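So the structure is just underneath, and the comments pick up after that.
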Protein chains: 2
Amino acid sequence: MPSHILSSNIPDIVIGRLPVYLRALTRLAQEGREVTSSHELGQRLGISSAQIRKDLSHFGGFGKQGTGYQIAYLVEQLKQVLKVDQEWDVALVGAGDLGRALAHYRGFGDRGFRIVSMFDNSPDKIGTELENFVIQPLDDLAKVIRERNIKIAMIAVPAESAQEVADRLIEVGVKAILNYAPINLNVPADVHVQYIDPVVHLQRMTYYL
Amino acid sequence: MPSHILSSNIPDIVIGRLPVYLRALTRLAQEGREVTSSHELGQRLGISSAQIRKDLSHFGGFGKQGTGYQIAYLVEQLKQVLKVDQEWDVALVGAGDLGRALAHYRGFGDRGFRIVSMFDNSPDKIGTELENFVIQPLDDLAKVIRERNIKIAMIAVPAESAQEVADRLIEVGVKAILNYAPINLNVPADVHVQYIDPVVHLQRMTYYL
DNA sequence: TAGATTGTTAATCGATTAACAATC
DNA sequence: TAGATTGTTAATCGATTAACAATC
């Protein structure tokens, strides 16, 4: 399936749901299940079965009438579509509490990502060993990212320095940024940014309380 | 989604953008700015000015023709709408790397939230002091949350225990959950859940690389 | 007054849902 | 065959954008 040819046609909102489907399907597989249906998956996720079938149909027919979807096969196909059937090298900028928690997190590996280098500017952190890597100074960022051809980075620095860090990352070829700093980043059109700000998420719920 | 009285006629998607507006406006104020326009705000956020005006107009006329919006006033109004013109008590379940990073995070206070208690089941963590509180056993969860009338919780436990933790939280009155565990939660219609899973966010970008 | 920008209406665009023939 | 569920089309619903009168 030449996903790059179709890629312009697929709505972003559909792509955004695929990782959630993938996660739920992986869990089903862990529970020992082999087959599921759009109805069952929808129930689990609070999404209509029609939407799931429609979303999946953008990429081909993965199911069988009357029986549903082979979970292992669908997982494999979704991983291919999302390009996480490989392992991506990720750079992590910021070695504060959050940065270190991310470095220790064991959940990246089997889902397509591997933190391979970590940067910070604080003299008492530089040189410290953490997991499989040594915390490096921000001045080495360009060199390391270019050498390893890293395309994905996570930003876990204070809001004040996040834009500058982003600029430096983008300059050396990073195309996808997961930003934990509570600030909006200005980036060129070909760079993707996702935001994680717990306060924004909390504030999305208080309205309803 | 609550389809009864509490749910007004304001679309969820509009509510979801307000915290982002609020964050950007707060930042503008920090930069010493006093007035802004829907156009400027839209440029910063990558959103059309029409959308910002439309979103805000759901809650009243906050601006002036010809001049735009008084930032301080708009911030105040948005805080009121989102009910973060007060400080909400938050319970934190899970004292692993992530839980401790959250406990240390200084960014909650001035944006409407305060972590007031922390729970974990690990014997070597229970009793440990952390910031202003002592890590308590999960068995105390019901008692503490009831006593303090806590409505908001963050879950930072492994995926395997997240649903059980959620069930216990909901049973004692929690209505809003920020879930860091990489799993979908089944909750009643009147309970709100937001998800933070870094891998899902990363997988939303790899498709485009 | 001239220029700027809001709040709002109407038009456009896109996403979700319902329905069902195909088929396992 | 009978029952179940997909993939897809058409209908509905909702969200975004364009446009502009009002007015600061």
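Each chain gets a letter, A, B and so on, in the order the sequences are listed, and its residues count up from 1. Side-chain atoms are counted along with the backbone in the values below, which use heavy atoms only and exclude waters and symmetry mates. Just so it is clear, the structure is predicted and the values come from calculations on it, not from any experiment.
Both distances falling under 3.5 Å, in either a Watson-Crick or a G-U wobble arrangement, place C/dT23 opposite D/dA4. Nucleotide D/dT17: paired with C/dA10 (Watson-Crick or G-U wobble, both distances less than 3.5 Å).
The phosphate of D/dT6 has OP1 or OP2 within less than 4.0 Å of a side-chain N or O from A/R53. Side-chain N/O atoms of A/T67 include none lying less than 4.0 angstrom from OP1 or OP2 on C/dC24. For B/S48, a side-chain nitrogen or oxygen approaches OP1 or OP2 of D/dT17 to under 4.0 Å. Considering only side-chain N and O atoms, A/Q51 lies under 4.0 angstrom from the phosphate OP1 or OP2 of C/dT16. Side-chain N/O atoms of A/Y69 include one lying less than 4.0 angstrom from OP1 or OP2 on D/dG7.
You'll find that the side chain of B/R17 is closest to D/dT16, out of D/dT16, D/dT5, C/dT16.
Rounded to a whole Å, the CG atom of A/L56 is 9 Å from the P atom of D/dT6. Atom CD1 in A/I47 sits about 9 Å away from atom P in C/dT17, given to the nearest Å. Rounded to a whole Å, the CD1 atom of B/I10 is 14 Å from the C1' atom of D/dA15. In this structure, B/D12 places its CG atom 13 Å from C1' of D/dA15, rounding to the nearest Å. With rounding to whole Å, B/H58 atom NE2 is found 8 Å from D/dA15 atom P. What separates CG of A/D55 from P of D/dT6 is a distance of 13 Å, to the nearest Å. Rounding to whole angstrom units, CD of residue B/Q65 and P of D/dA22 are separated by 11 Å. Rounded to an integer number of Å, the gap from CG of A/L41 to P of D/dA4 is 20 Å.
Among B/V75, B/L82, B/L74, B/I52, the single residue meeting the side chain to side chain contact (heavy atoms under 4.5 Å, CB included) criterion with B/Y21 is B/I52.
Figure legend: cation-pi geometry between A/R23 and B/Y195, with NZ or CZ positioned under 6.0 Å from the six-membered ring centre and within 45° of its axis.
Using cut-offs of 30° and 60° for the angle between ring planes, the B/Y208 and A/H192 rings count as parallel.
For the pair A/K175 and A/D190, the salt-bridge criterion is met [side-chain N within less than 4.0 Å of a carboxylate O].
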Step-by-step side chain to side chain donor-acceptor pair (under 3.5 Å) determination, B/Q163 to B/D167: CA-CA 6 Å; B/Q163 181 65 60; B/D167 292 342; 2.9 Å; yes
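In terms of position along DNA chain C, the nucleotide closest to B/K64 lies nearer the 5' end than the nucleotide closest to the other residue of the pair B/K64 and A/V14. In terms of position along DNA chain D, the nucleotide closest to A/G66 lies nearer the 5' end than the nucleotide closest to the other residue of the pair A/G66 and A/K54.
A/S38 comes within 4.0 angstrom of sugar-phosphate atoms only, judged by non-hydrogen atoms across all strands, and of no base.
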